[in-house]
Amino acid sequence: MCKIAKLHIDLCGVAGLGASMDRDTADLIAQLRAKAGMAMEDASPIALSICAMPVEQWPATIDQLTQDVERIISPLHAARMIMRA
């Protein structure tokens, strides 16, 4: 499979969804997964660079990362609920 086709499948969320899911639902789930992925990308550099920060900044940075985790997990929970409906 070429990389473009794989990327299309990954972003559109079509693979393995089954016949009972309509296109709008599949698109919504793909959007929710993308939102979680973008939040992960935003949080990753912060999480990886915390040791380079002054120790005094660690508590605020960890608080920010805790909020970022919520931004990551919320759309994934929503996608799971939609898929179970």
Side-chain angles (χ1 to χ4, degrees):
M1 174 183 305
C2 74
K3 290 183 181 182
I4 293 173
K6 182 183 180 328
L7 181 62
H8 176 74
I9 289 170
D10 290 346
L11 292 177
C12 292
V14 174
L17 287 177
S20 64
M21 187 174 295
D22 66 25
R23 185 68 200 168
D24 289 339
T25 303
D27 287 344
L28 177 57
I29 290 170
Q31 290 174 18
L32 290 166
R33 289 185 348 223
K35 185 175 178 99
M38 288 185 288
M40 284 187 241
E41 287 177 349
D42 292 345
S44 179
I46 297 167
L48 294 172
S49 64
I50 193 168
C51 290
M53 297 176 185
V55 175
E56 297 80 24
Q57 292 180 0
W58 288 13
T61 303
I62 291 172
D63 288 344
Q64 178 61 48
L65 288 170
T66 302
Q67 292 173 4
D68 292 341
V69 167
E70 187 61 36
R71 286 184 26 237
I72 294 165
I73 203 162
S74 292
L76 295 175
H77 282 307
R80 184 175 11 167
M81 295 302 290
I82 291 167
M83 291 177 69
R84 289 182 179 172

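The basis for the numbers below is simple: all heavy atoms, side chains too, and nothing from hydrogens, waters or symmetry mates.
For the pair T66 and E70, the minimum side-chain heavy-atom distance is 4.5 Å or more. Taking the side chain as every heavy atom from C-beta outward, T61 and I46 approach each other to under 4.5 Å.
Both I62 and V55 are part of a single hydrophobic cluster, where members link through side-chain heavy atoms under 4.5 Å apart.
Of all non-hydrogen atoms in P75 and L32, the two that sit nearest each other are CB-O, 3.5 Å. A43 and L65 make their closest contact through O-CD2, 3.7 Å (heavy atoms, listed as atom of the first residue, atom of the second, distance).
Taken to the nearest 0.5 Å, the CE atom of M38 stands 9.5 Å off from the CZ atom of R71.
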Exercise. Stepwise, does the side chain to side chain contact (heavy atoms under 4.5 Å, CB included) test hold for D68 with D42?
Worked result: CA-CA 8 Å; D68 292 341; D42 292 345; over 6 Å; no
